[in-house]
Amino acid sequence: METENLKEEALNYNKAKPELDKLIGTWSTPIMEIKKTRAFRKITRDPAKLRAQKKLAKDETLIIIRSVDNNIRRIKPNWLAYVVSSRRIVEVMDDSSGGRSSANARRLETDFSADLRTSETIRSFSQQIDSCLLYGTGYADVVYDSSKPLNFSIDYVAADKLLFERHCEDVQDSRFVLRRFDMTFTKLENLAERLNFNKDAVRGMKERLKTGGSSEAQITTPISIYKGYVKIDGVVNVFHYSADGGATTWLKKPEPLYIGLDEETEVEGEPVQMIDELGNIVLVPGPTSIEFIPAEVLSYPVYVLEYETTEDEKLVSAVGRGHIDKPIQEAETTLISAAVNRATRSSHIFFSTKENTDKGMTTSDDILEPGKIYNQPLQAMTLPPGSGEGTSVLNVVRTISAQNAGSVSASIQDKRTSRTTAAEVTSATEQENAISSMGLINLSNHVTNVCDLGLAIAISQALQERITFVYNPETQENDTEVLRGSYSVHPAGDADAGSRKAILSQMREFWPMASQMSIAHKFFARMVELGLPSEAADFAPEIEQSQNMQALIGQLTQALQQSVDDEELAALDPKQRQALEQLLQQGAQVAQLTEGQ
């Protein structure tokens with residue numbers, strides 16, 4: 001009975017509206033805080049205006065240090081490299097091979113990564129990462145979109161435009177999930193035509209917006225439209241709703257969400273008349289055919305990237321650099337502005353007469369000029385410079401800021417001393433890589449969850465020949481044998497895109513020794529694979545050919561050594577003997593390198 005009531009409340013506009021308006025209202029204050037954090041990251045102040053407003057003295061300035069933005073810029077490249085630079089976005093495992101990789105699985109992951117890694121997808125992940133680092137969470141909405149290569153898109157949703165129940169630990173637990181779009185009424189009309197909105201509802205909104213004598217201003221003022229998700233009987237439904245403009249019904253009522261997933265079903269054909277052995281006309285089932293029907297979507301296609309996983313399980317409790325670095329930014333701005341203002345005032349020169357007067361302190365606008373004669377002696381004065389304590393405090397603040405952002409090695413570099421040992425630098429680098437990899441774990445899981453749904457959509461669409469995916473040039477069709485397999489999606493094997501840089505750095509240190517050993521070629525091939533993952537396959541044949549050439553040189557050297565005895569060597573001209581000995585020596589070195597390869 002309770003389930004039926006919830007279903008009725010979700011489908012009935014008049015019963016759902018109060019609940020939706022209440023949900024929107026709970027986000028009014030948090031949205032203001034989000035906007036303040038966004039502004040604080042990019043804060044600007046014009047010292048000239050502040051002087052005109054008498055908030056700064058005439059000789060003062062204000063230097064804004066954007067610590068929040070600086071730390072985001074420091075962290076973001078390693079995270080984004082996971083999406084952009086890795087050989088594959090996710091790793092696909094073949095369930096029929098015991099959950100291991102296979103040729104079919106590798107075809108899937110290669111084609112999927114190539115088709116998904118468009119400029120729009122990279123931009124979306126970049127925005128999700130940026131939002132995650134700033135606010136603590138980044139949101140993605142997977143949407144069916146037939147204009148995209150794989151018939152779906154991964155939309156970035158800003159932190160102030162995704163609304164869910166704030167007590168939830170998981171967005172999937174929220175009764176309603178709303179995604180806000182701000183648009184003019186003209187854009188709404190175009191959207192209504194494309195998405196088949198309720199025409200009466202849109203027309204009624206327009207009429208109500210025109211009331212009040214300022215119709216044009218109201219029509220052009222942006223209004224908020226909400227795309228909403230709600231689970232009815234466990235199945236995700238999608239609807240469109242507006243709290244603005246006096247709407248009195250759904251813009252589009254709830255209906256089961258279609259996201260591009262279809263299920264194959266066998267459909268029996270029309271009965272066919274046939275004559276049996278006795279000559280009787282009988283009806284037999286017609287040939288069966290395969291049809292695709294929309295699959296039920298059981299989870300909201302909304303995914304959350306968290307900056308940190310902490311003991312506080314509430315989703316809205318997550319914080320990012322905007323919260324963590326706010327006091328650091330204020331401290332750095334205050335300290336460096338104070339230091340510059342002190343230095344400016346210390347550079348000013350003041351003059352006074354040496355004669356004592358009883359008139360107290362007075363000022364004069366007289367300007368001293370060279371070559372002039374003055375009727376009394378003058379004394380020059382300056383303010384003492386700063387003691388240097390401010391600079392020391394600023395260095396401490398900056399070191400703390402760098403450490404908070406995960407850049408442990410920055411604190412080593414900031415010692416400004418030649419006493420930093422190689423061991424300290426190595427230890428700091430290892431700590432930095434470990435901290436960076438912790439963030440990459442959350443990103444890796446987020447990308448895997450998004451791509452798990454994305455790959456399922458791509459396979460479903462490819463089986464229906466709606467997209468070109470895992471194409472077979474011989475049959476000139478999608479390879480259905482590969483597509484019909486059973487697969488699972490896992491974080492990419494090269495998900496250590498951040499630590500890969502550290503491994504490559506360590507291999508460079510060992511290269512001088514490795515280059516003189518039998519492992520030289522394998523070692524170098526691995527360095528190329530780590531440093532140039534996309535181009536490594538192109539270099540592999542040349543590296544192998546070089547290895548084979550060295551092996552051949554080693555074999556020829558051994559044959560030459562066996563064919564020349566000491567007597568023949570002694571009979572040679574001294575120059576010829578020396579040249580031959582050098583050749584044999586170099587050949588022996590090459591032979592030593594190729595041993596064990």
Residues forming a side chain to side chain donor-acceptor pair (under 3.5 Å) with [X], sequence neighbours excluded:
{"X": "Asp21", "result": "Lys17, Tyr241"}
{"X": "Thr448", "result": "none"}
{"X": "Ser146", "result": "none"}
{"X": "Thr37", "result": "none"}

Using 0.5 Å steps for rounding, measure from the [atom1] atom of [X] to the [atom2] atom of [Y].
{"X": "Phe292", "Y": "Glu264", "atom1": "CZ", "atom2": "CD", "value": "4.0 Å"}
{"X": "Ile154", "Y": "Ser124", "atom1": "CD1", "atom2": "OG", "value": "6.5 Å"}
{"X": "Asn151", "Y": "Ile457", "atom1": "CG", "atom2": "CD1", "value": "9.0 Å"}
{"X": "Arg123", "Y": "Leu80", "atom1": "CZ", "atom2": "CG", "value": "12.0 Å"}
{"X": "Tyr226", "Y": "Ser242", "atom1": "OH", "atom2": "OG", "value": "8.0 Å"}
{"X": "Glu330", "Y": "Ser67", "atom1": "CD", "atom2": "OG", "value": "10.0 Å"}

Any side-chain heavy atom of [X] within less than 4.5 Å of one from [Y]?
{"X": "Leu455", "Y": "Phe469", "result": "yes"}
{"X": "Asp95", "Y": "Ser488", "result": "yes"}
{"X": "Leu150", "Y": "Gln461", "result": "no"}
{"X": "Ile89", "Y": "Ser113", "result": "yes"}
{"X": "Leu20", "Y": "Phe176", "result": "yes"}
{"X": "Asp69", "Y": "Phe40", "result": "no"}
{"X": "Phe152", "Y": "Ile259", "result": "no"}
{"X": "Leu315", "Y": "Glu306", "result": "yes"}

Closest heavy-atom contact between [X] and [Y]?
{"X": "Leu195", "Y": "His240", "value": "CD1-NE2, 4.0 Å"}
{"X": "Asp94", "Y": "Ser486", "value": "OD1-O, 3.5 Å"}
{"X": "Gly260", "Y": "Tyr144", "value": "CA-CD1, 3.6 Å"}
{"X": "Arg166", "Y": "Val316", "value": "O-CG2, 3.3 Å"}
{"X": "Ile65", "Y": "Asn70", "value": "CG2-ND2, 4.5 Å"}
{"X": "Ala192", "Y": "Val202", "value": "CB-CG2, 4.0 Å"}

Would you confirm whether [X], through its side chain, and [Y], through its main-chain N or O, come within 3.5 Å as a donor-acceptor pair?
{"X": "Trp27", "Y": "Phe164", "value": "yes"}
{"X": "Asn478", "Y": "Thr480", "value": "no"}
{"X": "Ser28", "Y": "Gly25", "value": "yes"}
{"X": "Thr121", "Y": "Leu116", "value": "yes"}
{"X": "Gln464", "Y": "Ser460", "value": "yes"}
{"X": "Gln172", "Y": "Tyr300", "value": "yes"}
{"X": "Ser126", "Y": "Ile122", "value": "no"}
{"X": "Lys35", "Y": "Asp160", "value": "no"}
{"X": "Asp182", "Y": "Arg180", "value": "no"}
{"X": "Arg106", "Y": "Ser101", "value": "no"}

Legend entry - Evaluation steps, side chain to side chain contact (heavy atoms under 4.5 Å, CB included), between Thr333 and Arg45: CA-CA 11 Å; Thr333 297; Arg45 291 289 185 271; over 6 Å; no
Inset, instruction - Using the side chain to side chain contact (heavy atoms under 4.5 Å, CB included) rule, take Ile324 and Val68 through it: C-alpha gap first, then chi angles, then the decisive distance, then the call. - result: CA-CA 8 Å; Ile324 298 169; Val68 172; over 6 Å; no
Quick one: list whatever passes side chain to side chain contact (heavy atoms under 4.5 Å, CB included) with [X], sequence neighbours left out.
{"X": "Asp200", "answer": "Asn198, Arg203"}
{"X": "Thr309", "answer": "Asn442"}
{"X": "Lys22", "answer": "none"}
{"X": "Thr475", "answer": "Asn472, Glu477"}

Inset, instruction - Just grab all the salt bridge (Lys or Arg N to Asp or Glu O under 4.0 Å) pairs involving residues 124-136, residues at least two apart or on different chains. - result: Arg41-Asp130, Lys76-Asp130
Inset, instruction - Sort and list the pairs that fulfil salt bridge (Lys or Arg N to Asp or Glu O under 4.0 Å) and have at least one residue in residues 448-473, not counting sequence neighbours. - result: Asp262-Arg466
Are more than 12 heavy atoms, taken from residues, nucleotides or ligands other than [X], located less than 6.0 Å from that residue's [atom1] atom?
{"X": "Met32", "atom1": "CE", "answer": "no"}
{"X": "Ile281", "atom1": "CD1", "answer": "no"}
{"X": "Glu193", "atom1": "CD", "answer": "no"}

Legend entry - Stepwise side chain to side chain contact (heavy atoms under 4.5 Å, CB included) check, Asp479 with Tyr471: CA-CA 6 Å; Asp479 195 331; Tyr471 184 72; over 6 Å; no
Inset, instruction - Scan residues 132-141 for pairs that pass side-chain hydrogen bond (donor to acceptor under 3.5 Å, both in side chains), counting only residues two or more places apart or in two chains. - result: Arg38-Tyr135, Thr137-Tyr139, Asp141-Arg179, Asp141-Lys227, Asp141-Tyr229
Would you check if there is a donor-acceptor pair between the side chains of [Y] and [X] at a distance under 3.5 Å?
{"X": "Asp155", "Y": "Ser153", "answer": "yes"}
{"X": "Tyr307", "Y": "Arg321", "answer": "yes"}
{"X": "Asn71", "Y": "Arg74", "answer": "yes"}

Inset, instruction - Only counting residues at least two apart or in another chain, list the ones meeting salt bridge (Lys or Arg N to Asp or Glu O under 4.0 Å) with Lys148. - result: Asp145
Inset, instruction - Take Phe125 and Trp79 through the test side chain to side chain contact (heavy atoms under 4.5 Å, CB included) and record every step on the way to the result. - result: CA-CA 10 Å; Phe125 276 119; Trp79 286 40; over 6 Å; no
